[in-house]
Amino acid sequence: MVMRHPDGTTTPLVDASVHIFSKSNVDLRQNFLREPFKSRGFPDYEMDWYGAPGGEYAFETWGPDEKYPGSDPEFVGRQLFEERGVDVAILHPMTRGIMPDRHLGSAIAAAHNEMMVSRWLTDNKYAERFRGTIRVNPDDVTGALQQIDKYGDHPGVVQIGVPLQSREVYGKPQYWPIWEAAVAANLPVAVHIEVGAGVQFAPTPSGVPRTYENYVGFMALNYLYHLMNMIAEGVFERLPALKFVWADGAADLLTPLIWRMDCFGRPHLEQTPWAPKMPSDYLPGHTFFIQGAMDGPGDTEFAGEWLGFTGKDDMVMYGSSYPHWQLNELTVPSAYSAEQRDKLCWRNAAELYGIDVGVAVSAT
């Protein structure tokens, strides 16, 4: 299957951001959670303060008999692969954010991993075209390492996932064992805005916004705090094979912020002898982004030039955010070169995740 573009050309298509869910809290409890956590209270997926006006999910993603969007592999596979022209889909199980009880948070992550592996990566018509993200709880390093050890060598697993919301920035040493385990398993780390009402901090450094528009416009930018801290703490110097995927976009703002960090970093490198390079030198090969309709300048004459600044064209991967309301259709700016278009549509994702797109498609 190929993606046909407005100019008549075609490419493969990897959707690097497909969100999957349990059928319900009851389903998660009965089939994947065990005591003492099965009977514990935890929020539902949509228990957050910033629900999208008009509904969280695209209307057409509700399955037959009002099945919860993103919960049925056969229905999702048909919509992605047969209707939307996707070749391979990277699954992101949506959990509940940071729980007050770290053990409960780890149990919820483990339940979603079991659900994904048993329902999505095996025993369904489209299993060969799904790839999985195993969820780990950064508040519980021991539990996170157990999940990586359990699933890290599964042939369908291509990355680990942590929430964008966290109690500390991800360059701090307490997280290093998780990143080291990711490198040892040859898995990138995906960072995604989490659903559910976890015990997270305010979504902006100055407090709580009032509207969904304010929240969704800013929230993804929190990746900058994590990334800049990881660079300054020498995480990428320490772990040269570590790769991070910022899965909620905002790559378009990387360039001015890294320019600023370079400006301040240049005269102060002696303060970070563990990270002796210029900050921007730690981006290539370490930093990747999911790109959707809300990112970038749009179809303008300078879009291709802007994508090339700071090497962003080697970092971006298309993601639909299925089944959420925006359900990003792939629109490649006309100013992108053929190489930039290919990198966005499939090549960057295929290289990062080790996907042979042709093999994956022919296996179905």
Side-chain angles (χ1 to χ4, degrees), residues 14 16-18 20 90-95 97-98 102 105-106 108-114 116-117 121 130-194 222-223 225-248 274-275 282-290 314-315 317 319 348-355:
V14 175
S17 187
V18 172
I20 63 171
I90 312 299
L91 307 176
H92 293 245
M94 294 287 100
T95 59
I98 301 296
R102 67 182 184 278
S106 291
I108 292 172
H112 281 81
N113 294 337
E114 186 178 342
M116 179 189 68
V117 170
L121 301 184
F130 290 130
R131 299 292 187 277
T133 304
I134 54 171
R135 297 305 308 265
V136 302
N137 176 15
D139 259 16
D140 176 14
V141 172
T142 299
L145 297 181
Q146 289 173 347
Q147 288 299 296
I148 296 171
D149 183 63
K150 181 175 182 179
Y151 294 110
D153 60 355
H154 188 288
V157 167
V158 295
Q159 65 187 357
I160 72 171
V162 297
L164 181 64
Q165 302 95 318
S166 69
R167 298 182 193 268
E168 297 279 357
V169 282
Y170 282 145
K172 294 293 186 69
Q174 63 261 39
Y175 299 120
W176 291 359
I178 302 176
W179 315 149
E180 290 166 356
V183 170
N186 195 29
L187 296 175
V189 180
V191 187
H192 203 291
I193 294 174
E194 191 58 282
N222 282 297
Y223 86 83
Y225 304 114
H226 289 301
L227 176 61
M228 301 309 182
N229 177 253
M230 294 179 76
I231 291 172
E233 292 277 5
V235 175
F236 297 123
E237 183 75 26
R238 176 186 177 89
L239 298 170
L242 180 63
K243 298 175 172 60
F244 257 68
V245 178
W246 308 101
D248 279 292
W274 48 82
Y282 289 107
L283 296 178
H286 295 296
T287 304
F288 300 85
F289 294 87
I290 306 297
D314 290 322
M315 304 176 191
M317 304 178 289
N348 286 344
E351 292 178 357
L352 177 65
Y353 297 124
I355 299 170

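None of the values given here were measured: they were computed from a predicted structure.
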Donor-acceptor contact below 3.5 Å, side chain [X] vs main chain [Y]:
X: H92; Y: A16; answer: yes
X: D248; Y: H192; answer: no
X: T95; Y: A109; answer: no
X: W176; Y: G171; answer: yes
X: H154; Y: V117; answer: no
X: H226; Y: N222; answer: no
X: N137; Y: R102; answer: yes
X: W179; Y: Y170; answer: yes

Counting C-beta onward and ignoring hydrogens, is there a side-chain heavy-atom pair between [X] and [Y] closer than 4.5 Å?
X: I355; Y: I90; answer: yes
X: V157; Y: T133; answer: no
X: W246; Y: L227; answer: yes

Who are the side-chain hydrogen bond (donor to acceptor under 3.5 Å, both in side chains) partners of D314, not counting sequence neighbours?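 Only K343 meet the side-chain hydrogen bond (donor to acceptor under 3.5 Å, both in side chains) criterion with D314.
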Can a salt bridge be assigned to the pair R238 and E233 using a cut-off of 4.0 Å between side-chain N and carboxylate O? no
Tell me whether R135 is salt-bridged to E194, with the criterion being a basic N under 4.0 Å from an acidic carboxylate O. yes
For the pair M317 and Y353, evaluate side-chain contact (heavy atoms from CB on, under 4.5 Å) and give the outcome as yes or no after the intermediate values. CA-CA 11 Å; M317 304 178 289; Y353 297 124; 3.8 Å; yes
Can you tell me how far the CG atom of N113 sits from the CD1 atom of I148, to the nearest 0.5 Å? 10.0 Å
